[in-house]
**Student:** 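Supplied in structure tokens, the structure appears directly below.
When a ligand or atom number is given, it counts from 1 through the structure's own listing order.
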Amino acid sequence: MIKINNLHKTYKNHAAVRNLSLDIEKGCIYGFVGPNGAGKTTTMSILATLIAPTSGSAKIGGYDCVKSPKEVRRLIGYMPDFFGVYDNLTVYEYLDFYGASYGLSRTEREKIIPQMLELVHLTQKEDGYVDMLSRGMKQRLGLARALVHNPEVLILDEPASGLDPRARIEMREIIKTLGNAGKTIIISSHILPELAEMCDEIGIIEAGELVASGKVNEIHHKMHSQKMLKIRLLDQWDSLVNRLRSTRGVANAVREDDFIIASFTGTDEEQATLLAGLLADGFPIVSFGETEGNLEDLFLEITKGAGS
Ligand code: ATP
């Protein structure tokens, strides 16, 4: 449904997106993750036909985002990371205005707007003024606006940003409902565990390049050639950190609260030898195990923070 091929976008001398290729199947919820300035908004703006790429192509439903913007716009609903709401318009009037802009007849608007309000839990607010809504309500209204012409594809640029935990959960549940209804959704976020829970696939973008893409578990498996060892001991913290740092197969070791976390690339046998060696050297080890990597760890491991 979304096909991006060797996409490149340069602002003056700065390459914001570099050789990005991506295929998103119909009905997929695709999470786009990356540090600040990684190129998420730039990529999404190209998909939304708002800016043109420097080279490469982006197609939605077979239509090229540069050559056939009208056709693409009919297929997509776009929720930007920042959007204004107008003063002196009620929630209903706001959606009515956007519905009319998309060419919906009055009858069509009268049918779809109550449905959208119900979906985003704003039915009670239909006569309220949009500038009086809370941040969470405004974000949900933005989502309703993106949906008013019943698009097949949704491009959601950080829809949960700035929301409190409850509002984030509500937003996530609405997006899941849309996914279950068969929409193809590309969504960006910094809230990684949430993306893992709601997305079928994720792509990790850093400094304009897609550094990993696929099912969350598959990426995890591919990238996690190293284990994170978690060690607790009674004392001698600094000397164990130094000892680990000079051990073959240990990429790094740091103290984190009551544990030492070490990234280790050795085999199980080498891990057993390491533990035996540490005990033989008299380190008072209380526990020695592997940590479960999660999406946050994966993200930090892949991106190394370069884009921020
Ligand atoms: P964030 O998570 O902070 O929203 P992002 O991943 O969406 O970041 P982009 O907004 O796409 O990243 O920005 C990518 C890079 O391009 C950044 O270095 C940014 O400063 C630069 N950039 C974006 N828009 C412009 C512009 N109009 N002119 C010049 N540089 C730009």
**Student:** Quick one: which of V250, D238, D281 gives a side chain to side chain contact (heavy atoms under 4.5 Å, CB included) with R243?
**Tutor:** D281
**Student:** Using heavy atoms and a cut-off under 4.0 Å, could you grab the residues that are in contact with ligand 1, chain by chain, numbers ascending?
**Tutor:** Y11, H14, A16, P35, N36, G37, A38, G39, K40, T41, T42, E158, H190
**Student:** With a 3.5 Å cut-off and no angle check, do the side chains of Y78 and T49 form a donor-acceptor pair?
**Tutor:** no
**Student:** In terms of side-chain heavy atoms, does S161 have a donor or acceptor partner in R135 at a distance below 3.5 Å?
**Tutor:** yes
**Student:** Measure from the ring center of Y98 to the ring center of Y94 and say whether it is less than 6.0 Å.
**Tutor:** yes
**Student:** Does this structure show an ion pair linking E152 with K26, if we count only N-O contacts that are shorter than 4.0 Å?
**Tutor:** yes
**Student:** Whether D157 and K40 form a salt bridge (side-chain N of Lys/Arg under 4.0 Å from carboxylate O of Asp/Glu) is what I want to check.
**Tutor:** no
